[in-house]
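Residue numbers count from 1 along this sequence.
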Amino acid sequence: MYRRALICASLIVLVLFQFSESCELGPVHAFVPKTLPAGYVISKGTDELNLKGCGGVRPVAFTSSDPDFVVNTDGTITTVRDMVITTKWFYVLVQDDSGLQSILDVTLTCIDEDSQKSVAVKRRFKRRWRPLPFSVVENDTPPFPKDIEMIASDSSVDYNVYYVISGMGVTTEPVGLFLLDKTTGMIRVTRPVDREQYPQYIFKAQVFDKDTNKETDEFLPVIVNVEDVNDNAPEFSGSRAFTAQERCSAGTLIGIINATDKDQAGTLHTKIKFSLFNATDLFAINGETGALTAKSNTLDREAEEKVYVGIEIRDMNGASTGLFNRGTAVVTLTDVNNNPPTFKEKLYKGTVMENQQNVLVLRIPVEDRDLINTPNWRALYEVTKGNESGNFRMETDPKTNEGLLYVIKPLDYEQTPLVKLVVTVRNEAPLVGVQATWNTVPVELSVGDEDEGPEFNPSILRLKVKENLPNGTVIGTYTALDPETKSSKGIKYTKLSDPGSWITVVENTGELKVANTIDRESPLVHNDLYNITVEAMDESKKKGKGTVIMLIEDVNDNVPLIPTSELVLCSQADKMGSVLVEAEDKDQSPYSTPFIFELGPENDGKWKLKDTTSSSVVLEQTEFLPNGEYSVPLMVKDLQGSGKEQNVKVRICSCEREEHGLGICGARSASAALGSWGILALVLSGLLLLLLCLLLIFICNTKREKVYINDDVDGTGGMLLKSNTEAPGEEVKDGAFMKLQSVDIMDGSENNMAVDIKNVGMSGSRYGQQSFHGGGIYNSTTQEFGTENIRSSGIFDTNLYGSSTMIRKQGSMNTFRHGTLNAWKMNKQLLDKKLAYLGDEEEGRYADDLIKVYGNEGRGSAAGSIGCCSMLEEQDSSDFLNTLGPKFKPLADICSRPTRGGK
């Protein structure tokens with residue numbers, strides 16, 4: 001009851017306040033054209049909105065109920081889009097700086113666009129509806145319905161009226177929320193309302209004449225505001241899972257707690273305050289912002305990996321009457337290396353046998369409270385004391401994090417029966433936020449004893465030995481001891497390696513004696529050092545090895561020698577020549593340089609020595625000598641006076657050049673002295689020679705002389721081109737094959753015809769009487785030409801590569817019955833192709849397709865030539881060839897000589 005009375009009193013005060021501080025706004029009635037463009041101004045400023053002098057109201061916000069119109073901050077109403085109207089009504093909600101709201105009616109009436117009114121005309125009307133907007137309280141208690149407010153129209157004075165409401169909460173959702181007494185105009189609410197669902201209701205009230213059912217006044221928009229009550233507790237929003245690093249400093253931000261409240265914003269109903277109800281020793285929260293921070297640096301992941309923080313959110317700014325909710329934030333702590341690994345034992349012990357290596361001897365476990373399998377947990381081990389000789393190695397077992405101790409170099413029981421070590425362990429990551437240091441632990445290893453073979457002491461014996469010592473000379477003694485008995489008794493010695501067989505080892509005593517001449521200059525000696533290996537074996541057949549390094553000392557057993565066999569001296573016309581003579585000695589100082597150079601007693605006085613250095617001297621002429629070889633006796637001695645006379649050969653010549661200070665004789669350097677100009681000259685001369693050859697070939701092919709050769713002893717005859725080499729002596733090569741390139745008719749008369757066959761090569765050296773088929777087209781199937789024949793005789797030489805052989809035919813040609821010059825050219829092309837084809841086959845196939853050789857059947861033979869290729873009958877004898885004389889017989893012999901193949 002008290003609460004209800006308080007609410008009623010508040011409403012009364014609010015209504016009185018509104019009526020006392022605000023005024024009724026007169027409606028605006030404007031005449032506008034039928035077509036309104038976008039941006040058309042309906043009213044200009046607050047003066048035209050009937051706000052001037054209205055009881056101190058200071059409008060700060062205007063809201064249009066029609067989205068087609070907008071109201072600027074200065075009260076100007078404009079259109080948003082193009083539109084066509086006849087009549088238009090909407091209202092403008094005006095809110096002043098105190099939060100009070102008023103409604104301004106705006107009515108637009110279309111005017112005749114042809115009238116003189118070019119702009120909108122506004123008229124003021126007295127407001128006929130009351131009251132101002134009213135409100136209801138959400139979640140009101142029964143009984144219902146409850147009266148809210150009464151509406152009335154001034155037209156009720158003139159008419160018998162009734163009222164009707166429609167719109168939101170009446171005829172649309174939520175339907176039936178508001179009822180109206182049609183007669184009195186009382187508006188009632190039928191059930192509780194929820195501001196969070198509908199904070200405001202706007203519907204329309206109309207007044208009608210009961211008699212005519214016509215509206216007696218403009219309709220009234222009714223606005224019902226829902227007043228908020230604190231009926232919603234705040235709620236958490238967003239994630240409440242956070243991550244923080246352990247040991248973080250105080251004040252470190254952990255995360256932000258977010259919360260919302262459905263009640264009206266800007267009121268105490270939504271003023272939320274944050275607080276903690278646990279973990280207050282570890283965390284703190286900002287009451288207004290919800291920022292969760294670390295309260296100290298004591299967060300410890302090892303103690304609690306996830307911390308659950310209870311948070312309360314309460315509205316009414318945390319007042320006890322405010323509504324609240326509670327939730328839990330989860331803070332997961334990430335690991336830092338604040339815990340060093342620790343050993344489980346204070347001392348670790350192990351056992352290892354001597355002479356063992358690369359064996360695991362001990363596992364050392366540790367504990368680490370940091371996160372497993374992270375750099376904060378993984379351990380690294382190191383032997384920090386007792387491993388000065390490098391006998392041990394430490395590794396980490398990746399699964400168990402244990403330290404693994406290995407022996408990598410053998411231990412000696414006789415020297416150290418007990419090994420004491422210190423092992424240090426640390427993490428991969430450095431320590432954070434603690435003052436602790438890395439831990440260490442002592443380790444003791446007992447070395448087990450084994451029966452070992454003899455041991456040389458020292459293991460490497462170094463001796464100085466002069467070279468060329470007599471055989472049997474004792475250069476030292478190398479003995480071994482039994483590690484257990486510390487005695488050499490019963491040990492036998494043998495030699496394992498001795499590249500030059502220079503040393504003998506006495507079996508029982510270990511004495512080292514010279515067996516062969518020790519030579520420091522031997523290739524077996526490197527940097528004056530020579531090694532041998534000695535083996536010792538005790539009575540139990542166990543063995544041990546030792547090495548003897550001999551430093552061989554030099555003796556003067558070599559004389560200086562001149563290594564150069566011949567020296568070249570370049571002769572000069574204007575001065576005496578000289579040459580540098582160098583000597584070498586395999587011995588070392590003081591048995592080598594500086595050398596003493598002297599001319600031998602048998603020198604002829606034509607030479608002298610000058611500019612002597614430690615290992616060389618200049619040999620100079622004392623008089624001009626002709627080119628040639630000279631022997632100069634020269635005595636060369638080392639620093640100790642040991643030496644011998646040597647003959648130096650000096651070659652005097654005219655040098656074309658010098659290389660590295662040494663003369664190069666002209667005769668010997670001809671091939672090597674060719675420079676770039678010489679090479680160019682050779683290339684040019686080669687090109688010139690090639691051009692000359694091409695010119696000769698051209699001349700030979702264009703201007704031929706036909707030379708007739710008499711029949712030789714064999715009775716064969718033929719025709720050859722003139723050659724410049726007429727004397728015998730050139731060997732005729734066999735096996736040549738020259739392609740028949742062309743057949744030229746040199747003489748087209750009836751009685752005389754010359755046929756020129758270029759580059760003909762046959763696989764035989766001599767041919768008798770020849771026959772050619774001619775005058776027709778060659779038939780590759782029958783291997784025959786036409787019906788006309790040309791008989792010929794001559795010699796074809798297969799060794800005439802690239803030359804032309806001309807066959808001259810003498811006699812009479814009766815007729816060319818079917819042949820013409822074009823036919824000859826065609827035959828030439830076909831014959832070229834045929835010969836090219838046959839050139840790839842074996843010589844056995846030539847017989848059927850090429851010119852054949854037949855013996856001369858004798859003078860006056862009635863049978864004539866029997867050649868398969870003849871196309872002309874023989875009319876003349878070959879006796880005219882005998883008139884060529886003996887001049888061409890050597891050439892005929894060469895051409896008719898049988899080849900190696902016997903053809």
Side-chain angles (χ1 to χ4, degrees), residues 352-359 389-391 407-419 447-558 586-588 591:
V352 60
M353 297 301 295
E354 66 174 338
N355 301 322
Q356 287 186 342
Q357 59 183 359
N358 296 321
V359 293
S389 299
N391 296 86
V407 174
I408 58 175
K409 290 174 62 176
L411 298 173
D412 189 355
Y413 169 81
E414 287 72 26
Q415 293 184 355
T416 312
L418 180 64
V419 179
V447 182
D449 187 22
E450 286 185 352
D451 185 14
E452 301 170 295
E455 294 180 355
F456 286 96
N457 189 15
S459 59
I460 298 177
L461 177 64
R462 290 175 171 80
L463 299 175
K464 288 185 178 182
V465 181
K466 287 186 177 293
E467 64 176 335
N468 301 328
L469 289 175
N471 292 349
T473 303
V474 178
I475 61 173
T477 301
Y478 196 27
T479 58
L481 297 177
D482 189 308
E484 284 74 25
T485 63
K486 304 298 181 182
S487 171
S488 299
K489 183 179 180 180
I491 296 178
K492 305 294 184 181
Y493 303 93
T494 57
K495 182 177 62 174
L496 291 181
S497 67
D498 182 7
S501 300
W502 291 348
I503 303 298
T504 297
V505 179
V506 179
E507 182 181 21
N508 295 324
T509 63
E511 288 183 326
L512 305 176
K513 295 183 178 181
V514 176
N516 289 296
T517 302
I518 299 175
D519 186 7
R520 191 194 64 86
E521 291 74 34
S522 171
L524 301 175
V525 177
H526 302 281
N527 297 326
D528 299 340
L529 298 178
Y530 179 80
N531 298 345
I532 65 172
T533 304
V534 180
E535 181 181 74
M537 183 173 63
D538 59 14
E539 295 176 349
S540 62
K541 305 300 181 181
K542 292 187 176 294
K543 299 177 182 180
K545 294 181 182 180
T547 302
V548 179
I549 299 178
M550 300 167 52
L551 176 61
I552 302 178
E553 297 180 347
D554 189 29
V555 297
N556 196 10
D557 57 344
N558 294 281
K586 295 182 179 180
D587 294 326
Q588 290 181 330
Y591 305 118

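- Using a 4.5 Å heavy-atom threshold, the side chains of Leu529 and Leu551 count as touching.
- Note: Leu461 CG to Leu512 CG = 7.0 Å, rounded to the nearest 0.5 Å.
- Taking both residues in full, the closest heavy atoms of Ile491 and Pro454 are given as CD1-CB, 4.0 Å, listed atom of the first, atom of the second, then distance.
- Note: Ser488 OG to Asp482 CG = 9.0 Å, rounded to the nearest 0.5 Å.
- Of all heavy-atom pairs spanning Phe456 and Ala536, the tightest one is CZ-CB, 3.5 Å.
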Please tabulate, for the side chains in residues 408-418, all donor-acceptor contacts under 3.5 angstrom to protein atoms that are two or more places apart in sequence or on a different chain.
{"from": "Lys409", "atom 1": "NZ", "to": "Ser389", "atom 2": "O", "distance (Å)": "3.0"}
{"from": "Asp412", "atom 1": "OD1", "to": "Glu414", "atom 2": "N", "distance (Å)": "3.1"}

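- The structure places OG1 of Thr473 at 10.0 Å from NZ of Lys513, a figure rounded to the nearest 0.5 Å.
- At least one donor-acceptor pair under 3.5 Å links the side chain of Glu467 to the backbone N or O of Val555.
- Considering only heavy atoms from C-beta on, Ile549 comes within 4.5 Å of Ile460 through its side chain.
- Residues Tyr478 and Tyr493 place their aromatic rings such that the two centres sit no closer than 6.0 Å.
- Within the structure, the salt bridge (Lys or Arg N to Asp or Glu O under 4.0 Å) test picks out the following pairs touching residues 487-502 (sequence neighbours left out): Lys495-Asp498.
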Checklist entry - side chain to side chain contact (heavy atoms under 4.5 Å, CB included) between Leu496 and Val534: does it pass, once the steps are laid out? => result CA-CA 6 Å; Leu496 291 181; Val534 180; over 6 Å; no

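- The CE atom of Met537 sits 7.0 Å away from the CD atom of Glu535 when rounded to the nearest 0.5 Å.
- Here CD of Glu455 is found 11.0 Å from CG of Asp538. Values are rounded to the nearest 0.5 Å.
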N/O donor-acceptor pairs under 3.5 Å from side chains in residues 517-528, not counting sequence neighbours:
{"from": "Asp519", "atom 1": "OD1", "to": "Glu521", "atom 2": "N", "distance (Å)": "3.0"}
{"from": "Arg520", "atom 1": "NE", "to": "Asp554", "atom 2": "OD1", "distance (Å)": "3.2"}
{"from": "Arg520", "atom 1": "NH1", "to": "Asp528", "atom 2": "OD1", "distance (Å)": "3.0"}
{"from": "Arg520", "atom 1": "NH2", "to": "Lys586", "atom 2": "O", "distance (Å)": "2.7"}
{"from": "Glu521", "atom 1": "OE1", "to": "Asn558", "atom 2": "ND2", "distance (Å)": "3.4"}
{"from": "Ser522", "atom 1": "OG", "to": "Leu524", "atom 2": "N", "distance (Å)": "3.2"}
{"from": "Asp528", "atom 1": "OD2", "to": "Gln588", "atom 2": "NE2", "distance (Å)": "3.1"}

Checklist entry - Is there a side chain to side chain contact (heavy atoms under 4.5 Å, CB included) between Val447 and Met353 once you walk through the steps? => result CA-CA 5 Å; Val447 182; Met353 297 301 295; over 6 Å; no

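- In this structure, Thr533 contributes its side chain and Ser497 its backbone to no donor-acceptor pair below 3.5 Å.
- From Asp557, atom CG reaches atom CG of Asn468 across 4.5 Å, with rounding to the nearest 0.5 Å.
- Scanning all heavy atoms of the two residues, the minimum distance from Thr477 to Thr509 falls at CG2-O, 3.5 Å.
- A donor-acceptor contact shorter than 3.5 Å links the side chain of Asn516 to the backbone of Ser501.
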Item to check | Derivation and outcome, side chain to side chain contact (heavy atoms under 4.5 Å, CB included), residues Leu469 and Ile475 | outcome: CA-CA 9 Å; Leu469 289 175; Ile475 61 173; 4.1 Å; yes

